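Working notes for the structure below.
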Amino acid sequence: MSFPCLTVTAALPAVGAIATAAVPAARRTAAKWLALLFSLATLALAVVVLIRFTPGGSRYQLTESHAWIKDFGVRYELGVDGIGVVLLALTALLIPFVILAGWHDADPLEDTSPNRRWRPTQGFFALILAVEAMVILSFEATDVFLFYILFEAMLIPMYFLIGGFGDRAHSGGDEAAATQRSYAAVKFLLYNLVGGLIMLAAVIGLYVVAGTFSLADIAAARADGTLTMATSTERWLFLGFFFAFAVKAPLWPLHTWLPNAMGEATAPVAVLITAVVDKVGTFAMLRFCLQLFPGASKWATPVILVLALISIVYGALLAVGQRDIKRLIAYASISHFGFIILGIFAMTSQGQSGATLYMVNHGISTAALMLVAGFLISRRGSRLIADYGGVQKVAPVLAGTFLVGGLATLSLPGLSPFVSEFLVLVGTFSRYPVAGIIATVGIVLAALYVLVLYQRTMTGPVKASVQGMSDLKVRELAVVAPLIALLLFLGVYPKPLTDIVNPAVKQTMSDVQKTDPKPEVEAAP
């Protein structure tokens with residue numbers, strides 16, 4: 001039997017989580033290094049998976065299939081396509097930076113009064129590795145029931161990361177801050193649990209109709225005509241799956257948990273939410289909604305496009321008006337997820353390729369911007385934009401990296417998000433020109449909120465509260481510099497990603513029986 005790359009890639013962080021949690025309480029530093037080593041080992045194996053993956057080969061590669069719950073037809077089936085493999089690599093890439101950035105986020109607080117709680121360092125890093133294991137396995141799962149289990153299970157460690165390890169930079173007292181953290185964590189959990197329960201009903205319905213949870217078996221049955229779904233049945237099942245994914249994504253109007261969760265979480269956990277966990281929602285739209293329910297996907301497209309456009313404009317407008325740095329980045333992410341969903345349901349190869357690249361590039365750019373923002377906030381102790389000014393004069397490297405992360409967020413040409421956003425807009429405009437035009441409003445607003453944020457925090461007179469602010473340290477530079485290098489490299493040369501993604505997109509387009517619109521060319525006189 002060949003080496004089970006996919007299983008081991010997910011098992012490494014799971015074992016790392018257990019090992020990190022088992023480190024004695026007094027050896028916090030050892031726990032940090034152990035978590036970092038397991039995350040780096042996972043990254044190395046993810047690179048092996050990328051190398052072994054053959055673009056243009058069979059749809060699902062490095063497959064594994066074992067009986068799990070025989071009585072219910074549930075199997076442990078794994079496989080990656082071009083979309084899944086790049087998101088797997090993104091997850092493995094970001095986790096070491098998340099761990100490094102959060103190196104001191106769970107250290108015991110200096111004040112040990114009864115109002116302060118001990119922050120178990122080992123638990124913090126173990127939970128991060130547990131999330132990584134579940135997210136990676138969800139990108140690999142080709143059994144619908146297995147995916148559902150992972151989709152729901154990842155909520156548990158995320159709940160504790162948000163509620164138990166909140167941001168220390170609060171303007172209010174400790175009790176108020178704890179209340180806000182609890183509210184954000186419970187809201188995150190309830191929204192996603194409701195979506196998951198609705199999806200569970202759809203998963204059961206799919207099994208009743210298809211008699212299997214295997215994506216490969218369902219696709220084969222559809223191809224040979226042995227599986228047919230009534231139109232109404234397909235639409236109801238699609239809505240059950242899509243609702244859960246739209247909550248996770250998040251899509252307007254199911255987005256309201258995200259600003260609270262990102263605002264109250266530490267910066268590394270906020271990156272984990274929006275750059276890693278939320279990608280499972282948009283990935284699942286491509287893998288499950290379009291592949292399992294192609295007819296219903298086309299039926300629902302007009303409404304989904306409207307919701308995506310609202311997300312783009314609404315998220316950007318609220319980002320413009322924010323006074324909190326982290327909430328601004330959260331609303332910007334809502335706008336960006338609108339672009340991703342717009343690209344998916346434009347039903348063009350350019351749109352879906354752009355959407356997949358957007359998932360990767362948004363993960364890198366948001367990680368860079370949010371982590372630098374976290375370093376900034378930890379120095380000043382405030383998330384409010386008004387509390388900053390003139391930072392570039394006292395911490396020029398911090399300000400410079402913050403600017404690059406912001407420019408990537410607004411999709412400046414030469415940085416990787418530009419390629420994704422351009423493809424999404426081209427793909428959308430070729431089939432839905434009005435939607436493409438409306439979506440460009442989000443680009444204008446992005447330039448506004450990013451540049452205003454930079455101007456208010458980094459330029460102008462140096463405020464007394466930031467006068468002695470230190471610049472980025474070696475550990476912090478080790479976090480930010482590789483992310484910025486990737487933004488530059490993929491902005492100039494995105495071919496390594498497009499070569500992997502495009503064949504998988506063609507398969508998805510074939511599933512929904514769509515072809516790209518032919519350009520209208522006037523006949524020569």
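Source: prediction; values computed, not measured.
Aromatic ring pairs are classed by plane angle as parallel below 30°, tilted from 30° to 60° and perpendicular above 60°; the pair Phe241 and Phe293 is tilted. Classified by interplanar angle (parallel below 30°, tilted 30° to 60°, perpendicular above 60°), the ring pair Phe288/Phe147 is tilted.
Using modelled atom types, one side-chain atom of Thr440 and one backbone atom of Ile437 make a donor-acceptor pair closer than 3.5 Å. A donor-acceptor distance shorter than 3.5 angstrom exists from the side chain of Arg431 to the backbone of Ala346, with no hydrogens or angles considered. Looking only at distances, a side-chain donor or acceptor of Trp257 sits under 3.5 Å from a matching main-chain atom of Val247. Put simply, the side chain of Ser335 never gets that close to the backbone of Tyr331: no donor and acceptor are under 3.5 Å apart. Checked by atom type and distance alone, the side chain of Thr428 never pairs as donor or acceptor with a backbone atom of Gly436 at under 3.5 Å. When atom types are taken as modelled, the side chain of Gln322 and the backbone of Arg327 share no donor-acceptor pair closer than 3.5 angstrom. A donor-acceptor pair under 3.5 Å is formed between the side chain of Glu234 and the backbone N or O of Ala296.
Listed by first and then second residue, the ring pair (Phe, Tyr, Trp, His ring centres under 6.0 Å) pairs involving residues 198-233 are Phe145-Phe213, Tyr207-Phe213 (not counting sequence neighbours).
The shortest side-chain heavy-atom distance between Gln507 and Arg59 falls under the 4.5 Å cut-off. Within the 4.5 Å cutoff, side-chain heavy atoms of Gln61 are placed close to those of Thr54. Residues Ile443 and Leu425 form a side-chain contact, since some pair of their non-hydrogen atoms from C-beta on lies under 4.5 Å apart. Using a 4.5 Å cut-off on side-chain heavy atoms (C-beta onward), Met359 and Leu286 make contact.
Atom CD1 of Ile364 sits about 5.0 Å away from atom CG of Leu486, to the nearest 0.5 Å. Atom NZ of Lys32 and atom CG of Leu100 lie 11.0 Å apart (nearest 0.5 Å). To the nearest 0.5 Å, atoms CD1 (Ile340) and CD1 (Ile312) are separated by 10.0 Å.
In this structure, Phe188 has its ring center no closer than 6.0 Å to that of Tyr159. Here the two rings, on His255 and Phe337, have centers that are 6.0 Å apart or farther.
With sequence neighbours excluded, the residues that form a salt bridge (charged side-chain N to carboxylate O under 4.0 Å, His left out) with Arg75 are Glu77. In this structure Asp278 satisfies the salt bridge (charged side-chain N to carboxylate O under 4.0 Å, His left out) test with no other residue, sequence neighbours excluded.
Tested against Leu272 for a side-chain contact (heavy atoms from CB on, under 4.5 Å), the candidates Leu127, Thr91, Ile95 yield a single pass: Ile95. Results of the side-chain contact (heavy atoms from CB on, under 4.5 Å) test with Thr366 over Thr274, Asn361, Leu483, Leu371 single out Thr274 as the only residue that passes.
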Stepwise side chain to side chain contact (heavy atoms under 4.5 Å, CB included) test for Trp68 and Asp143: CA-CA 11 Å; Trp68 183 18; Asp143 182 277; 5.6 Å; no
Derivation of the side chain to side chain contact (heavy atoms under 4.5 Å, CB included) call for Ile83 and Arg287: CA-CA 9 Å; Ile83 299 169; Arg287 172 166 282 188; over 6 Å; no
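Relative to the six-membered ring of Phe151, Lys248 meets both conditions, a distance below 6.0 Å and an angle of at most 45° to the axis.
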